[in-house]
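No hydrogens, no waters, no symmetry mates; every other heavy atom, side chains included, goes into these values.
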Amino acid sequence: MTLLDGTTDDLEEVAEAALAWHDGAALKDIRRVAPFVHLTGRFEVPDLDPASMAESAWQHLLTEARELESAWQPAYQALVQAAHAEPALRRLYPFADHGILRFSTRTRPGLAAVGASLVVGDDDRYAVTEDFPFPDKDDPAGSAVRYGRGGRRCPGRA
């Protein structure tokens with residue numbers, strides 16, 4: 001999982017970033033040494049503690065939603081923030097793709113998706129659904145489901 005990324009034309013900056021990483025610098029310190037570096041919001045979890053891994057994933061999603069360059073950025077950011085504010089969802093490991101927010105009882109790489117998906121549609125409508133990518137616009141209630149069928153177990157627990 002990407003903790004930082006970025007591009008530059010300055011090979012010396014790349015070497016400085018690599019050296020800082022090698023020397024054990026904190027992510028924010030690497031950013032100071034190499035300004036081209038973008039922090040993804042994830043943080044290192046050396047012991048791979050499932051709860052810390054879930055929090056790192058949440059921080060990444062919150063950062064990604066805030067920085068997204070898309071017409072639906074405000075709606076997606078609101079969706080991620082609302083999901084993060086819900087303690088039952090915050091205990092799960094979140095993952096997202098193309099505006100579809102899902103949850104797992106396990107961290108990567110062995111995701112075990114639970115419950116329905118939270119979706120932002122092209123018209124900034126929200127749905128809780130098992131249909132992809134978005135429920136039928138003529139009958140959203142027919143394909144949307146209520147969240148609650150998923151687990152509430154802590155990440156990493158069977």
Test side chain to side chain contact (heavy atoms under 4.5 Å, CB included) applied to F103 and L89, step by step: CA-CA 7 Å; F103 307 94; L89 295 179; 4.0 Å; yes
To the nearest 0.5 Å, tell me how far [X] [atom1] sits from [Y] [atom2].
X    : Y    : atom1 : atom2 : result
T40  : E67  : OG1   : CD    : 9.0 Å
I100 : L118 : CD1   : CG    : 10.5 Å
L3   : H38  : CG    : NE2   : 12.5 Å
T8   : E16  : OG1   : CD    : 10.0 Å
R91  : E86  : CZ    : CD    : 8.0 Å
T63  : W58  : OG1   : CH2   : 12.5 Å

I'd like to check [X] versus [Y] (side-chain heavy atoms, cut-off strictly below 4.5 Å). Are they in contact?
X    : Y    : result
V120 : Y126 : yes
E44  : S56  : no
H60  : F43  : no
R32  : D29  : yes
V114 : L92  : yes
Q81  : L62  : yes
L68  : Y76  : yes
Y93  : P50  : no

Residue pair R106, L111: steps toward the side chain to side chain contact (heavy atoms under 4.5 Å, CB included) verdict: CA-CA 5 Å; R106 296 187 180 274; L111 296 174; 5.8 Å; no
V37-L11 co-clustered via ILVMFWY side chain contacts under 4.5 Å: yes
Transitive ILVMFWY side-chain link V33 to F36, under 4.5 Å: no
I need the minimum non-hydrogen distance between [X] and [Y], along with the two atoms involved.
X    : Y    : result
A54  : P94  : O-CD, 3.9 Å
V128 : A116 : CG1-CB, 3.9 Å
A34  : A17  : CB-CB, 3.7 Å

With no hydrogens and no angle check, is any side-chain donor or acceptor of [X] less than 3.5 Å from a backbone partner on [Y]?
X   : Y   : answer
R90 : H84 : yes
T2  : L4  : no
D23 : A25 : no

Crowding at CG, D5 (>12 non-hydrogen neighbours, <6.0 Å):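 Atom CG in D5 is packed in, count exceeds 12.
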Under 3.5 Å side-chain donor-acceptor pair for R102 and S117: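 A pair is found: one side chain offers a donor N or O, the other an acceptor, under 3.5 Å apart.
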Polar side chain donor-acceptor pair, Q59 to E55, under 3.5 angstrom: yes
Test side chain to side chain contact (heavy atoms under 4.5 Å, CB included) applied to L101 and F95, step by step: CA-CA 6 Å; L101 181 57; F95 61 103; over 6 Å; no
Audit row: W21, L27, side chain to side chain contact (heavy atoms under 4.5 Å, CB included) steps and yes/no: CA-CA 8 Å; W21 181 275; L27 294 174; 3.4 Å; yes
